[in-house]
Amino acid sequence: MATKPTVDLHPVEDTPGDPPIAKPEKFSLSKFKSRLHREQWTDELCFVNVPIKGAPRDTTHLILEDLAVRFLPSARIIRHRLALATKPLDKFFLCIVPSQNLDNSWVTSNLQACDQAKELWTQATSRKEEGVESYQVKVADEDDAFDEPNWPQQSIDELIEITFHGRMIETADHPGLLRLMGRKVR
């Protein structure tokens, strides 16, 4: 299996006499606003991050709750909902919708954005740099800035099955679960 090349980015040092480099305009996330389907949401699901040989980072797997609870420490189990979402021009994705720690300000503002995105093009941006522990939730400046989404015909279950194909832990002998338990994968 071929691995993706990595790129190390290092700051460029100015040399005396070099002309200053003009800074680009401030980056705006407005083109990345998204919408959530009104009905294509899951109940709370269980996920785990599994180390994969040769992969630069762990891969998220869907796991049956009874297997997760029986074999893994609770800190390894990730619980949340999924909703079908889109960016402008029908760029679909599965949006993570929090279902735990509902009194947390980050979660509260995230849920506000998700709820609002059922009807309006919405953007949630971290306010951490401002010293605020939540997201700023903003809608598109103009209601008709983007066309209404052309949602896929598949159900959320079908879309999750396609997305997590090969990454669903449904048995106690699944290689991903064995890796997480510290057992040899045969």
Side-chain angles (χ1 to χ4, degrees), residues 1-7 26-52 54-65 68 76-102 104-129 133-170 174 176:
M1 176 185 288
T3 59
K4 292 183 181 177
T6 59
V7 178
K26 185 175 179 182
F27 177 73
S28 171
L29 286 174
S30 62
K31 62 185 172 190
F32 298 105
K33 293 181 187 307
S34 61
R35 287 281 297 272
L36 271 63
H37 195 284
R38 290 179 188 93
E39 298 167 8
Q40 295 270 40
W41 292 50
T42 68
D43 291 329
E44 182 178 78
L45 301 172
C46 291
F47 301 87
V48 289
N49 290 320
V50 178
I52 304 296
R57 52 182 194 189
D58 294 354
T59 303
T60 302
H61 283 57
L62 192 57
I63 185 170
L64 294 177
E65 183 176 25
R76 290 216 75 147
I77 304 168
I78 303 162
R79 298 172 189 271
H80 54 75
R81 299 171 68 190
L82 294 174
L84 177 59
T86 187
K87 295 178 184 177
L89 306 175
D90 296 335
K91 303 293 183 193
F92 301 105
F93 64 99
L94 293 173
C95 177
I96 294 173
V97 180
S99 59
Q100 302 277 308
N101 303 317
L102 300 178
N104 175 297
S105 59
W106 290 103
V107 171
T108 302
S109 57
N110 184 319
L111 289 173
Q112 175 195 355
C114 289
D115 192 49
Q116 185 173 291
K118 291 178 185 178
E119 304 293 330
L120 303 167
W121 290 102
T122 303
Q123 169 186 318
T125 308
S126 171
R127 297 187 63 201
K128 190 170 190 152
E129 285 187 15
E133 297 288 317
S134 68
Y135 292 100
Q136 176 185 16
V137 179
K138 185 178 180 317
V139 297
D141 291 340
E142 297 177 2
D143 290 343
D144 61 352
F146 308 107
D147 291 336
E148 284 295 310
N150 293 309
W151 296 107
Q153 296 300 308
Q154 297 102 321
S155 70
I156 189 81
D157 290 8
E158 292 169 310
L159 294 168
I160 290 171
E161 180 181 23
I162 293 165
T163 302
F164 284 92
H165 178 77
R167 297 184 295 129
M168 290 185 269
I169 301 174
E170 301 177 82
H174 187 282

A.B. asks: For Ser126 and Trp106, which heavy atoms make the closest approach, and how far apart are they?
C.D. replies: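 It is OG-CH2, 3.4 Å.
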A.B. asks: What heavy-atom pair brings Ile96 and Pro98 nearest, and what distance separates the two atoms?
C.D. replies: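 Closest approach of Ile96 to Pro98, heavy atoms only: O-CD, 3.9 Å.
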A.B. asks: Would you check if Val139 and Gln116 make a side-chain contact, meaning some heavy-atom pair closer than 4.5 Å?
C.D. replies: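 With C-beta onward as the side chain, the pair touches.
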A.B. asks: Spell out, as yes or no, whether a donor-acceptor pair under 3.5 Å connects the side chain of Gln136 to the backbone of Arg127.
C.D. replies: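 The answer is no, because no donor-acceptor pair under 3.5 Å joins these two groups.
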A.B. asks: Could you measure the distance from the CD1 atom of Ile162 to the CG atom of Asp157? Nearest 0.5 Å is fine.
C.D. replies: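 Rounded to the nearest 0.5 Å, the CD1-CG separation comes to 11.0 Å.
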A.B. asks: I'd like to know if Glu39 pairs up with Lys118 as an ion pair, taking the criterion as any Lys NZ or Arg NE/NH1/NH2 lying under 4.0 Å from an Asp or Glu carboxylate oxygen.
C.D. replies: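 Salt bridge between Glu39 and Lys118, a charged N being under 4.0 Å from a carboxylate O: no.
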A.B. asks: To the nearest 0.5 Å, tell me how far Tyr135 OH sits from Thr125 OG1.
C.D. replies: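 It comes to 9.5 Å.
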A.B. asks: In terms of heavy-atom contacts, does CD of Glu161 have more than 12 from other residues, nucleotides or ligands at under 6.0 Å?
C.D. replies: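 Incorrect, the count does not exceed 12.
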A.B. asks: Could you measure the distance from the OG1 atom of Thr60 to the CD1 atom of Ile78? Nearest 0.5 Å is fine.
C.D. replies: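 With rounding to 0.5 Å, OG1 (Thr60) is 6.0 Å from CD1 (Ile78).
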A.B. asks: Which pair of heavy atoms, one from Val97 and one from Leu111, lies closest together, and at what distance?
C.D. replies: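 Shortest heavy-atom contact: CG1-CD2, 3.7 Å.
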A.B. asks: Pro152 and Leu159: which non-hydrogen atoms are nearest, and at how many Å?
C.D. replies: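 That would be CG-CD1, 4.4 Å.
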A.B. asks: Are the side chain of Asn101 and the backbone N or O of Asn104 linked by a donor-acceptor pair below 3.5 Å?
C.D. replies: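 No.
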A.B. asks: Which value, rounded to the nearest 0.5 Å, describes the distance between Arg35 atom CZ and Leu84 atom CG?
C.D. replies: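 That separation rounds to 11.5 Å.
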A.B. asks: I'd like to know if the side chain of Thr108 reaches the main chain of Leu102, judged simply by a donor and an acceptor atom lying under 3.5 Å from each other, with no hydrogens or angles considered.
C.D. replies: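 Yes, because the side chain of Thr108 sits within donor-acceptor range (under 3.5 Å) of the backbone of Leu102.
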A.B. asks: Would you say the side chain of Met168 lies within less than 4.5 Å of the side chain of His174, judging by non-hydrogen atoms?
C.D. replies: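 Side-chain contact under 4.5 Å: no.
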A.B. asks: Ignoring hydrogens and angles, tell me if any N or O in the side chain of Ser105 forms a donor-acceptor pair with the backbone of Glu133 under 3.5 Å.
C.D. replies: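 Confirmed, Ser105 side chain pairs with Glu133 backbone.
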A.B. asks: Are Phe164 and Leu82 side-chain neighbours, meaning at least one heavy-atom pair lies under 4.5 Å?
C.D. replies: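 They are in side-chain contact.
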A.B. asks: Is there a side-chain contact between Ser34 and Cys95, using heavy atoms and a 4.5 Å cut-off?
C.D. replies: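 No, their side chains stay 4.5 Å or more apart.
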A.B. asks: Atom CG in Leu45, atom CD in Glu65: separation rounded to 0.5 Å?
C.D. replies: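 Leu45 atom CG to Glu65 atom CD measures 10.0 Å (nearest 0.5 Å).
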A.B. asks: Is the closest side-chain heavy-atom distance between Leu36 and Trp41 below 4.5 Å?
C.D. replies: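 Yes. Closest side-chain heavy atoms under 4.5 Å.
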A.B. asks: Side chains of Trp121 and Pro149, heavy atoms from C-beta outward: is any pair under 4.5 Å?
C.D. replies: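 The answer is yes; the side chains approach within 4.5 Å.
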A.B. asks: Within a strict 4.5 Å, meaning less than it, do heavy atoms of the His37 and Phe92 side chains meet?
C.D. replies: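 The answer is no; the side chains never approach within 4.5 Å.
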A.B. asks: Mind checking whether Asp58 and Val50 have side chains closer than 4.5 Å, heavy atoms only?
C.D. replies: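 Heavy-atom side-chain distance check fails, nothing below 4.5 Å.
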A.B. asks: What are the two closest non-hydrogen atoms of His61 and Gly166, and how far apart are they?
C.D. replies: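 That would be NE2-O, 4.3 Å.
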A.B. asks: Taking atom CG of Asp143 and atom CD of Glu119, what is their separation to the nearest 0.5 Å?
C.D. replies: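 Those atoms lie 11.5 Å apart.
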A.B. asks: My understanding is that only one of Glu44, His80, Arg79 makes a side chain to side chain donor-acceptor pair (under 3.5 Å) with Gln100; could you say which?
C.D. replies: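 Per the side chain to side chain donor-acceptor pair (under 3.5 Å) rule, the option paired with Gln100 is Glu44, out of Glu44, His80, Arg79.
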A.B. asks: Verify side-chain contact (heavy atoms from CB on, under 4.5 Å) between Leu94 and Ile156, making sure each step is shown before the conclusion.
C.D. replies: CA-CA 9 Å; Leu94 293 173; Ile156 189 81; 3.8 Å; yes
